[in-house]
Student: 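My questions will all concern the structure given below.
Both counts, for ligands and for their atoms, begin at 1 and track the order of listing.
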Amino acid sequence: MHQITAIYGSPRRTGNTATLLHQAVAGARAQGVTVKEIFLRDLNMSPCLEIYGCKRGGECAIHDDFQPVRDDLLAADGIMLASPIFFYSVSAQVKILMDRFQSQWVKKHWIEGLPMGKSRSLRKGLFLAAGATRGKKLFDGALLSVKYFFDVLDTELWDYKFYRGLDYAEDIHAHPDYQSEAHHAGVALARALPPA
Ligand SMILES: Cc1cc2nc3c(=O)[nH]c(=O)nc-3n(C[C@H](O)[C@H](O)[C@H](O)COP(=O)(O)O)c2cc1C
């Protein structure tokens, strides 16, 4: 059976992106996919300390909740990631997770010698993001970060959905259309996973 790991990246447990990701998760589960949900806000995860202990074998030298999350992501066939836009980027919680994956980048490119740009596409990923304002470039920074984060994870940025005009945590409830789109994105991701 397929497995998706879904990362909730907001400090709000029931805010806009959490509601959207919850819909995507429900959509994937309705297709028979097992989904593991991870709330980054509940975890004890240090930022990368840039000590490069990972140069010895590719294992991050900081031992905390990063390792089980890494293992869940690497064990998955599909990845869902949801983040609010904070100062035109992802949340601090998501950025910490991304930076800790530098250990995986070191493993792939420095230790195993894989040339840059030659990552295999083993997984499919869905990125959901929400911001309060409506600027044209609102999601550009986060999108680039997620694209290269997914690259380290051997994950194709298969789809993304961006939601503008959401500020207060409950704003999402005025948008059944957004929720329905996120639900369908979860269904579609589950259906797009290669045959088990
Ligand atoms: C620290 C912080 C920074 C933010 N920066 C932006 C921003 O740059 N652009 C924007 O449109 N909204 C910004 N917002 C608003 C959030 O993106 C918005 O409220 C979003 O819907 C929150 O999603 P959540 O409920 O899933 O956390 C910011 C909010 C916070 C708390």
Student: Please list all pairs passing the side chain to side chain donor-acceptor pair (under 3.5 Å) test where one or both residues lie in residues 76-88, with sequence neighbours left out.
Tutor: H2-D77
Student: Can you check whether F66 and F101 have ring centres sitting under 6.0 Å from each other?
Tutor: yes
Student: So that I know where these two stand, are Y160 and F162 an aromatic pair - ring centroids less than 6.0 Å apart?
Tutor: yes
Student: Can you list every pair that meets side chain to side chain donor-acceptor pair (under 3.5 Å) and has a residue in residues 44-55, with sequence neighbours left out?
Tutor: Y52-Q102
Student: Can you list every protein residue that has a heavy atom under 4.0 Å from any atom of ligand 1, sorted by chain and residue number?
Tutor: S10, R12, G15, N16, T17, P84, I85, F86, F87, Y88, A130, G131, A132, T133, L138, L166, D167
Student: Sort and list the pairs that fulfil salt bridge (charged side-chain N to carboxylate O under 4.0 Å, His left out) and have at least one residue in residues 173-193, not counting sequence neighbours.
Tutor: none
Student: Looking at K107, Q67, Q104, which one forms a side-chain contact (heavy atoms from CB on, under 4.5 Å) with E59?
Tutor: Q67
